[in-house]
Amino acid sequence: MIPDPTGKRWHDMGGDLAGPVPGDDHDFALWEKRVDALVILSGLKGVFTVDGLRRVLEDMGEDAFETMTYYERWVASLNQNMLEQGVYTVAELGARIEAVQARGTTYGEATDAGA
Amino acid sequence: MQVLEPGTPVRVKCMRPPGHVRTPAYLRGKSGAVERVLGPFSNPEQLAYGHAADPLPLYRVRFRLGDVWPDAETPEDTLDAEIYAHWLEPL
Amino acid sequence: MPHDHHDHDGLSPSGHPYRADQDTGLSYWQAMEIAVRELMVEKGIVTEAEVAAQIDAMDARSPAQGAAVVARAWVDPAFRDRLLADGSAASAEMGFDVGPMRLIAVENTEDVHNVVVCTLCSCYPRNLLGLPPDWYKSRAYRSRTVREPRKVLREFGLELPEATTVRVHDSTADMRYIVVPARPAGTEGMDEAALAALVTRDSMIGVGVAKAP
């Protein structure tokens with residue numbers, strides 16, 4: 001797809017027409033806070049910067065913005081940056097996700113079993 | 001790179017690279033004035049791809065809303081944004 | 001805080017702390033979080049203790065911190081000047097750990113009303129105020145605030161006089177912004193703690209004003 005002639009990409013929302021500002025708000029779940037913490041710690045330790053996080057979020061495209069929650073997009077971007085930085089391999093990731101999913105059917109079971 | 005003084009009239013360049021940038025599309029080609037000088041800060045266009053980054057002056061540029069949106073309801077309201085030096089040309 | 005990770009409703013059958021948000025089906029993205037975190041720990045990037053400490057640090061940040069800064073600026077003109085000159089240093093002076101965040105404080109007056117948005121993502125002064133509300137990250141707020149700010153403010157119940165200049169701040173790069181709302185009338189003689197209770201989160205984003213006493 002040829003880029004928009006104005007240079008505007010989907011995340012670059014300033015000036016778009018959109019409906020009323022939604023009033024909803026929610027507290028964050030533990031897994032979301034952990035994603036946030038891992039991203040911040042990665043930055044503080046110099047593994048990758050928030051710019052790398054944003055680059056991957058932007059490249060994920062508008063569909064991801066509409067269909068995934070905020071921290072779902074963040075964990076996907078965190079993982080992509082970890083792979084790019086060589087922190088772990090795709091094979092290690094694949095094996096670990098499979099192992100995590102085999103531990104139980106709830107987040108609590110899957111995260112506790114790894115502790 | 002020349003550092004622009006506060007008050008300097010500037011225009012945001014109309015570059016359209018399909019990569020990670022922090023200059024919003026709605027401000028490209030628009031004119032305003034330097035509100036204050038910040039930085040230097042590392043170029044996010046390099047950081048985003050995991051590269052060592054050059055330090056750049058960062059400017060807060062103030063625009064009249066009427067200069068950004070021709071149909072602005074209240075043109076004398078203002079909009080401030082941070083723009084890195086390589087995106088600005090003095091007028 | 002219903003989701004504070006120290007709170008739990010009891011113990012799971014396996015004897016581990018039980019939380020409502022952990023009792024729903026394990027989603028793909030939750031499994032990825034666990035996998036990524038465990039691999040990052042095993043590779044020596046982070047420790048579980050650091051992750052827990054970072055969560056504690058974020059949980060400790062809240063709009064109350066920003067409200068304390070604003071109330072101090074209302075009662076102490078020298079502090080107000082330092083806050084407007086360097087928001088991070090002034091916040092740190094009050095004992096708040098703002099980390100590497102570079103904070104600019106902008107002041108509302110009779111003539112000027114400031115409002116903050118991030119059109120490119122959702123930059124927010126999180127190291128002072130905690131995590132942003134969901135609406136701040138919404139498409140509608142991010143899109144419209146730079147184009148029709150007064151209409152957006154009206155949706156928040158804020159109608160500004162025509163003579164007031166609205167200054168929109170799009171946090172596009174390295175700075176974060178906090179609005180110092182105007183001190184409400186009738187608050188002469190109130191102490192700092194009582195004044196801080198009038199300062200809402202929304203007034204520090206600029207979509208509201210401080211509460212009347």
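In what follows, chains are A, B, ... by sequence order, proteins preceding strands, each numbered from 1. All values below come from the heavy atoms of this structure, side chains included, with hydrogens, waters and symmetry mates left out.
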(request) Report yes if some heavy atom in the side chain of C/L26 is under 4.5 Å from a heavy atom in the side chain of A/E109; otherwise report no. (result) no
Among C/E48, C/E42, C/M58, the residue with the most heavy-atom pairs under 4.5 Å to chain A is C/E42
Those residues of residues 147-168 of chain C that come under 4.5 Å of chain A on a heavy-atom basis, listed by number, are C/R147, C/V152, C/E155, C/F156
If one checks every heavy atom of A/A76 against chain C at 4.5 Å, the contacting part turns out to be both
Walk me through it: do A/D16 and C/R144 pass the test salt bridge (charged side-chain N to carboxylate O under 4.0 Å, His left out)? CA-CA 6 Å; A/D16 287 357; C/R144 294 175 50 219; over 6 Å; no
Taken to the nearest 0.5 Å, the spacing of C/W29 CH2 from A/R73 CZ works out to 11.0 Å
In terms of heavy-atom pairs under 4.5 Å with chain A, the winner among C/D170, C/V51, C/T145 is C/V51
- Message: Please check if the number of heavy atoms outside C/E110 that lie under 6.0 Å from its CD is greater than 12.
- Response: no
Cut-off 4.5 Å, heavy atoms of chain A, and the answer for C/K137 is both
Scanning both residues in full, the closest heavy-atom pair of C/A140 with A/G19 reads CB-O, 3.2 Å
CD (A/E92) and CG (C/L39) are apart, to the nearest 0.5 Å, by 6.0 Å
Residues of residues 117-125 of chain C with a heavy atom under 4.5 Å from any heavy atom of chain A, in residue-number order, are C/T119, C/L120, C/C121, C/S122, C/C123
Applying a strict 4.5 Å limit to non-hydrogen atoms, the region of A/L78 in contact with chain C is side chain
Residue from C/V46, C/V36, C/V146 scoring the most non-hydrogen pairs under 4.5 Å with chain A is C/V36
Okay, A/V47 and chain C: the region with an atom under 4.5 Å from a heavy atom over there is side chain
Separation between OG1 (C/T172) and CG (A/D12), nearest 0.5 Å, reads 10.5 Å
Tested for side-chain hydrogen bond (donor to acceptor under 3.5 Å, both in side chains) against C/E33, the lone hit among A/Y71, A/Y107, A/W74 is A/Y107
Neighbour count >12 (heavy atoms, 6.0 Å) for atom CD, A/Q85: yes
Exercise. Got A/Q101 and C/Y28 here, is their nearest side-chain heavy-atom distance under 4.5 Å?
Worked result: yes
Under 3.5 Å, which donor-acceptor pairs do the side chains of residues 65-73 of chain C form with other protein atoms, sequence neighbours left out?
{"from": "C/Q65", "atom 1": "NE2", "to": "C/L128", "atom 2": "O", "distance (Å)": "2.8"}
{"from": "C/R72", "atom 1": "NE", "to": "C/E192", "atom 2": "OE1", "distance (Å)": "2.8"}
{"from": "C/R72", "atom 1": "NE", "to": "C/E192", "atom 2": "OE2", "distance (Å)": "3.3"}

Check: Are C/R139 and A/E62 ion-paired here, with the side-chain N under 4.0 Å from a carboxylate O?
Finding: yes
Closest non-hydrogen atoms of A/T111 and C/R37, given as atom of the first, atom of the second and distance, are OG1-NH2, 3.0 Å
Ranking A/R9, A/R54, A/H11 by heavy-atom pairs under 4.5 Å to chain C gives rank one to A/H11
- Criterion side chain to side chain contact (heavy atoms under 4.5 Å, CB included) on A/V21 and C/S138, from CA distance to verdict: CA-CA 7 Å; A/V21 178; C/S138 70; 4.2 Å; yes
Taking a cut-off of under 4.5 angstrom between non-hydrogen atoms, the residues of residues 193-213 of chain C near chain A are C/R201
Of the listed A/K45, A/R96, A/E58, the one with the largest count of heavy-atom pairs under 4.5 Å with chain C is A/R96
Exam field: side chain A/N79 to backbone C/M32, donor-acceptor pair closer than 3.5 Å:
no
Cut-off 4.5 Å, heavy atoms of chain C, and the answer for A/S42 is side chain
Notebook entry, point to check: Between A/R34 (side chain) and C/I34 (backbone), is there a donor-acceptor pair under 3.5 Å?
Noted result: no
So, are C/R126 and A/D36 salt-bridged, with charged N and O less than 4.0 Å apart?
yes
The interface call for A/I40 against chain C, heavy-atom contacts under 4.5 Å, is side chain
